[in-house]
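All values derive from a computational prediction rather than experimental measurement. Residue numbering restarts at 1 for every chain, and letters A, B, ... go by the order of the sequence lines.
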Amino acid sequence: MSDEITMIKPSRGWVALNLKDLWKYRELVYFLIWRDIKVRYKQAALGVAWAIIQPILTMVIFSVVFGKFGKLPTDNSIPYPLFTFAALLPWQLFANALQRSGTSLVGSAHLITKIYFPRLIIPISAVVGGLVDFAISFVVLIGMIFYFKVYPTWNMLWIIPFTLLTLITALAVGLWLSAMNVRYRDVQQMIPFLIQAWMFASPVAYSARMITDRTWQLIYGLNPLAGIIQGFRWSLLGGTPPGELMWISSTVMVILFISGLYYFRRMEKTFADTV
Amino acid sequence: MSDIAIRVINLGKKYQLGALGTNYRTLRDTIVDTFSATTQALLHAGERAASPKADENRFWALKDINFEVKTGQVLGVVGRNGAGKSTLLKILSRVTEPTEGHAEIHGRVGSLLEVGTGFHPELTGRENIFLNGAILGMKRTEITSKFDEIVAFSEVEKFIDTPVKRYSSGMYLRLAFAVAAHLEPEILVVDEVLAVGDAEFQRKCMGKMSDVAQQGRTVLFVSHNMSAILRLTEETMILEKGKLVMRALTQQAVDYYLSSGLSRQGERNWAADEVPATADPFKPVALRIKDTRGRVVDTIRSTEPFQVEFEYILDQPLTGLRVGLYFMSTRGEHIFTSFDTDDPQRFELQSSRRSGRYFSRCTVPANTFNEGRVVLGVNASSYRIKRYFQDEQALVFSVDATGAPGTQWSEVRMGPIRLALDWEIEVR
């Protein structure tokens, strides 16, 4: 018999994060991700191929519309398809994570109302699960890099922190959206639109260097994805390092993340009653 | 190590009223409410009268609950629907937070509020064992080491690599219970899981539960099944309308519960707050099962006819109303449905009903049900216009098959009905 004592009492105001409990349940994150991936591709004829079809098709469309017809300039005269694909990778990781985490709590209502586990597990696994698709499309990107003969440098290692930042940003927004969605189902209607608008506000199809006005640059930097995507491109393909854009982006991200965590925890106590 | 496993002090839980599923709000509601609240506040600045309206919409599902459970004790909890049993279990298993008071729990809690939580139909039995185990709080190594035992208990070895969506409901339940039963927590909180499944499965579950109890674990067991409570528990608590009304030795508690009318045997009464506002102008009052002598009973004999009586009030005249009964198995499968205006002529005759107190009665002929439990649901609706009221589990009654056709053989007869058929044996 363990001497573990659990106190159950109404929590008041801002709840402590209770990271210890989260750590205890870490295997559940793994199992939920594993379930989602299994289920997602189980009855799809093309299976895991969908992980690369989506970004590749988007790249083709962008290359035709923005590259060929729109003649948008790229950084460092990188071929447009490669230029946009390098941005689509973190973008899709972010967009998919947002989409899945936003509705994750409501989608897991049957679990939340029956069993205790740290609720943070649900949006976390929804976000982290996107890494599998990301890894698969990353292989395609490597192939493209060699095809277009853009040889990577050691800067490529920066990919790892940038990917982490993408996940944290997605989780930050996901925490806000998923918790709000439990109470206000309007949120899930809003998410597709939010994602679309957010994409145009991020340097996915175009280069962040097109924004030359100083004030606009600062405003643009408020979008954490602006710095991250620019950084992604830089580390893989060279060109302009994200620089000060990154500082603004990171600050915004940290604020979003911490506030998201606390908002989520605050709402958590009523999830089982309202979902 | 303390010898107290659970200590509950002044526990209370307040809920917002509102039908299930409608208590989430849209952003618009909040914006509108905030706006009107602000205007109200501005208009009545300084008055600060406590608004009585806000409290009308809340009710205490549990209030002032105090009790202790000793390590190794098996404590039963009984009470009618809505008495707060499920809320208590949800608080103790940390699914929801109490509004006031606190509970102290010594040891790992495993809760079986429902078997098969988190099962995914697309995944195989093997995959679901791991997933469900993790959701219930088991470590991967723990599941791996108990895997064979779980599979053996569930008796689905042959289908372990088949998606569970192809399982029969019996197999599904067995597998789900098998995982949960191997959780081995120090404190087990169980809600009514035994109400599902066939007799064989129930026996197996009961066996496992008494094993758990004999291993010196603490069990909190909620059930409507008095014989299960009597068999498994030493002491029992009775909850009524959110309050703890009695705690005594099980035999005493069950006697009290059965004789006090709390158990709602053979009769279901609807309190005003149990009927959603959408039912208006239809008001269900009571549903009763009566034997041939007109007594309200909870067990009917398969060989005798019995009467079902549904009492309700119409506040306004209604046109096209039909009031009906669903007879279902405890697994939720419909056995049959019948409405009071199924006869077209009667429907013509009674096409509109004036306001007043009504009794819709029907007689179910002898030799209809097989032994077991039957769930009775009610429905009041106008075809294709509106469903006024529906309660799919209004009441449960038992069927005693003594003397029914075929009872000279003691084997279990399959199927929910037991007709007396006119057989003919011809030889050529």
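- By number of non-hydrogen pairs under 4.5 angstrom with chain B, the leading residue of Met7(A), Glu268(A), Lys24(A) is Met7(A).
- At least one donor-acceptor pair closer than 3.5 Å links the side chain of Arg119(A) to the backbone N or O of Phe117(A).
- Ring orientation note: the planes of Tyr263(A) and Trp176(A) are close to parallel, at an angle under 30° on the 30°/60° scale.
- With a threshold of 4.5 angstrom between heavy atoms, Lys139(B) approaches chain A through its backbone and through its side chain.
- With respect to the salt-bridge test (charged N to carboxylate O, under 4.0 angstrom), the residues Asp161(B) and Arg126(B) qualify.
- In this structure, chain B has a heavy atom under 4.5 Å from the backbone of Ile112(A), while its side chain stays farther away.
- What you find for Leu92(B) and Ala103(B) is that their closest heavy atoms are CD2-CB, 3.9 Å.
- Among Ile8(A), Leu32(A), Ile115(A), the residue with the largest count of heavy-atom pairs under 4.5 Å with chain B is Ile8(A).
- Under the 3.5 Å distance criterion, with hydrogens and angles disregarded, no donor-acceptor pair is assigned to the side chains of Glu104(B) and His102(B).
- With a 4.5 angstrom heavy-atom cutoff, Tyr30(A) touches chain B only via side-chain atoms.
- Neither the backbone nor the side chain of Leu89(B) comes within contact range of chain A, judged by heavy atoms closer than 4.5 Å.
- The residue among Lys90(B), Lys13(B), Met138(B), Glu127(B) with the most heavy atom pairs within less than 4.5 Å of chain A is Glu127(B).
- Most heavy-atom pairs under 4.5 Å with chain A, from the set His120(B), Arg217(B), Arg140(B): that is Arg140(B).
- The ring pair (Phe, Tyr, Trp, His ring centres under 6.0 Å) check on Phe119(B) picks up Tyr172(B), with sequence neighbours excluded.
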